[in-house]
Amino acid sequence: MSIALQILLNDEEIDGKKTVYVANRDIRCEYVPRHKVSTFKSDYVAVYLLIGSDEEQGDLIYVGETEEGSTRLLNHDKKKEFWDYAYFFFSNTHNLNKADVKFLEARIYQAIKEAGRYKLENATIPKESHVHDIRQSELMDMFKTIEFILGGAFNLFPFKKVDLQLEVNETKEKINHLKQQLDELEKETFYMTQKGADAKGYLLGEGKKFVVLKGSKTASVEKAANSFKEISAATNLERLKKQGVLQEVDGYYQFNEAHIFNSPSGASDLIYLGATNGWKEWKNKEGESLEKLRE
């Protein structure tokens with residue numbers, strides 16, 4: 001049996017806001033990339049996810065519920081740094097109340113925790129609200145629809161338990177494939193050449209990850225920011241040195257092979273040996289930054 005998904009591009013842009021509907025289901029998803037937060041308008045009751053990644057911690061996720069989606073998302077934009085994308089789940093018929101979304105929030109949190117794919121960023125564990133057995137059955141059907149939307153529309157599977165060995169094998173295959181194809185890929189190249197650095201790389205996929213190419217070199221070790229040891233890039237640098245990806249040569253670090261970072265900023269922090277904004281620092285041959293090109 002087939003299930004139809006309908007995806008609307010709300011900004012007429014591939015990387016803009018999207019609305020996802022499922023045929024014969026009361027739940028829809030409003031997808032909001034972080035750079036579109038200010039244009040998101042919705043004050044209906046919802047359960048939502050914030051998803052991002054970190055060089056050291058991997059994939060991160062936050063589960064929440066709200067009655068004022070726009071206001072809550074603006075608040076998260078100011079106070080939570082880790083996330084890149086938001087996924088709000090609403091009832092098309094406004095058939096969700098506060099107790100419903102608190103129930104869904106708790107069940108989603110527990111499913112993500114048991115699956116082990118993401119590190120949860122919630123400061124407290126959501127408490128499940130009491131709802132009638134019949135309503136529980138209806139809400140769990142909505143839960144399955146949410147899972148279907150995440151997988152079918154966004155290729156995300158936060159509720160699916162990890163097969164560790166399978167994950168390791170698949171990851172190795174992907175890395176090997178990427179390394180073999182690096183010389184053949186025709187990507188727009190971006191550069192960082194200040195502070196004595198000489199690095200180049202490109203965005204991978206939809207732009208969440210960034211590849212620094214073999215032969216790139218960092219800024220001079222002597223010019224490292226005093227605060228460098230306090231940021232995650234310092235720990236990442238030591239790890240890459242141990243793995244042989246980085247090698248110290250004449251007072252700077254050189255990439256012995258291409259390396260995939262979880263974000264442009266994760267890459268630029270290591271290149272300039274200090275806290276940076278990779279969207280502003282990486283520039284093409286015309287001097288245009290990543291930030292300008294994604295506007």
Side-chain angles (χ1 to χ4, degrees), residues 14-15 33-35 51-60 81-85 154-156 167-219 228 231-249 252-295:
I14 292 296
D15 63 346
R34 190 158 191 164
H35 67 281
I51 295 180
S53 60
D54 179 84
E55 287 295 332
E56 293 301 314
Q57 300 182 80
D59 293 324
L60 307 174
E81 296 183 1
F82 78 91
W83 66 278
D84 299 306
Y85 310 101
F154 302 104
N155 199 33
L156 297 173
E167 290 281 311
V168 169
N169 292 338
E170 289 180 349
T171 299
K172 286 181 178 179
E173 288 180 7
K174 290 177 182 177
I175 290 173
N176 289 335
H177 179 71
L178 286 171
K179 288 179 177 178
Q180 292 170 4
Q181 298 298 320
L182 278 176
D183 293 335
E184 301 175 10
L185 288 173
E186 295 182 358
K187 298 284 186 180
E188 181 170 14
T189 305
F190 295 87
Y191 304 85
M192 287 180 64
T193 57
Q194 300 296 315
K195 302 180 182 180
D198 184 13
K200 59 183 179 180
Y202 61 85
L203 284 171
L204 187 64
E206 294 184 358
K208 181 180 178 182
K209 298 182 185 293
F210 193 89
V211 178
V212 175
L213 295 175
K214 178 180 179 180
S216 295
K217 71 175 186 178
T218 70
F228 179 64
I231 63 177
S232 61
T235 303
N236 196 28
L237 184 147
E238 293 301 321
R239 179 172 60 83
L240 294 180
K241 284 169 58 180
K242 291 179 181 179
Q243 294 175 352
V245 177
L246 287 176
Q247 179 182 0
E248 189 169 356
V249 180
Y252 60 86
Y253 292 105
Q254 178 174 291
F255 282 77
N256 292 327
E257 59 186 74
H259 183 70
I260 302 172
F261 290 83
N262 282 333
S263 68
S265 294
S268 59
D269 285 355
L270 196 148
I271 297 298
Y272 278 171
L273 303 177
T276 63
N277 182 337
W279 293 100
K280 294 181 178 180
E281 297 293 352
W282 289 103
K283 297 179 181 178
N284 62 15
K285 289 183 178 180
E286 288 69 42
E288 299 171 306
S289 67
L290 286 169
E291 182 176 60
K292 182 178 180 181
L293 292 174
R294 73 171 182 174
E295 288 178 352

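In what follows, every heavy atom counts, from backbone to side chain, and hydrogens, waters and symmetry copies are set aside. This structure is a prediction, so every number in the text was calculated from the model and none was measured.
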Rounded to the nearest 0.5 Å, what separation is found between the [atom1] atom of [X] and the [atom2] atom of [Y]?
X: Glu81; Y: Arg34; atom1: CD; atom2: CZ; value: 7.5 Å
X: Thr189; Y: Asn284; atom1: OG1; atom2: CG; value: 9.5 Å
X: Asn169; Y: Lys174; atom1: CG; atom2: NZ; value: 12.0 Å
X: Glu56; Y: Asn262; atom1: CD; atom2: CG; value: 9.5 Å
X: Gln254; Y: Gln247; atom1: CD; atom2: CD; value: 7.0 Å
X: Ser216; Y: His259; atom1: OG; atom2: NE2; value: 12.0 Å

Considering all heavy atoms, the nearest [X]-[Y] contact:
X: Glu55; Y: Ser263; value: OE2-N, 3.8 Å
X: Lys214; Y: Asn256; value: CE-O, 3.3 Å
X: Glu281; Y: Met192; value: O-CG, 3.8 Å

Please enumerate all residues that pass salt bridge (charged side-chain N to carboxylate O under 4.0 Å, His left out) together with [X], with sequence neighbours excluded.
X: Glu288; value: none
X: Arg239; value: none
X: Lys241; value: Glu238

- Query: Would you find a donor on one side and an acceptor on the other, under 3.5 Å apart, between the side chain of Glu188 and the backbone of Tyr202?
  - Reply: no
- Item | Short side-chain to backbone donor-acceptor contact, Thr218 and Tyr253, under 3.5 Å |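 Yes.
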- Task: Test side chain to side chain contact (heavy atoms under 4.5 Å, CB included) on Trp83 and Ile51 and set out the steps.
- Result: CA-CA 5 Å; Trp83 66 278; Ile51 295 180; over 6 Å; no
- Counting only heavy atoms not in Glu286, do more than 12 sit closer than 6.0 Å to its CD atom?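 Atom CD in Glu286 is packed in, count exceeds 12.
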- Task: Tell me, with the steps shown, if His35 and Asp15 meet side chain to side chain contact (heavy atoms under 4.5 Å, CB included).
- Result: CA-CA 10 Å; His35 67 281; Asp15 63 346; 4.3 Å; yes
- Task: Flag the pair Val249 / Lys217 as yes when at least one side-chain heavy-atom distance between them is below 4.5 Å, and no otherwise.
- Result: no
- Item | Minimum side-chain heavy-atom gap Gln243-Leu240 below 4.5 Å |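 Gln243 reaches Leu240 side chain to side chain.
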- Task: Begin with the C-alpha distance, continue with both residues' side-chain angles, and end with the deciding distance and a verdict on side chain to side chain contact (heavy atoms under 4.5 Å, CB included) for Leu273 and Leu237.
- Result: CA-CA 9 Å; Leu273 303 177; Leu237 184 147; 3.7 Å; yes
Which donor-acceptor pairs under 3.5 Å do side chains of residues 264-272 form with protein atoms, sequence neighbours excluded?
from   : atom 1 : to     : atom 2 : distance (Å)
Ser265 : OG     : Gly278 : N      : 2.8
Ser268 : OG     : Pro264 : O      : 3.2
Ser268 : OG     : Ser265 : O      : 3.2
Ser268 : OG     : Thr276 : OG1    : 2.5
Ser268 : OG     : Gly278 : N      : 3.4
Asp269 : OD1    : Thr276 : N      : 2.7
Asp269 : OD1    : Thr276 : OG1    : 2.6
Tyr272 : OH     : Gln194 : N      : 3.0

- For Trp282, which of Phe210, Phe261, Phe190, Tyr191 qualifies under ring pair (Phe, Tyr, Trp, His ring centres under 6.0 Å)? Phe210
- Residues in side chain to side chain contact (heavy atoms under 4.5 Å, CB included) contact with Lys283, at least two apart in sequence or another chain: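 Applying side chain to side chain contact (heavy atoms under 4.5 Å, CB included) to Lys283 gives Ser289.
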- Name all residues meeting the side chain to side chain contact (heavy atoms under 4.5 Å, CB included) criterion together with Gln57; count only those two or more places apart in sequence or in a different chain, and write none if there are none.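 Only Asp54, Leu60, Lys119, Glu121 meet the side chain to side chain contact (heavy atoms under 4.5 Å, CB included) criterion with Gln57.
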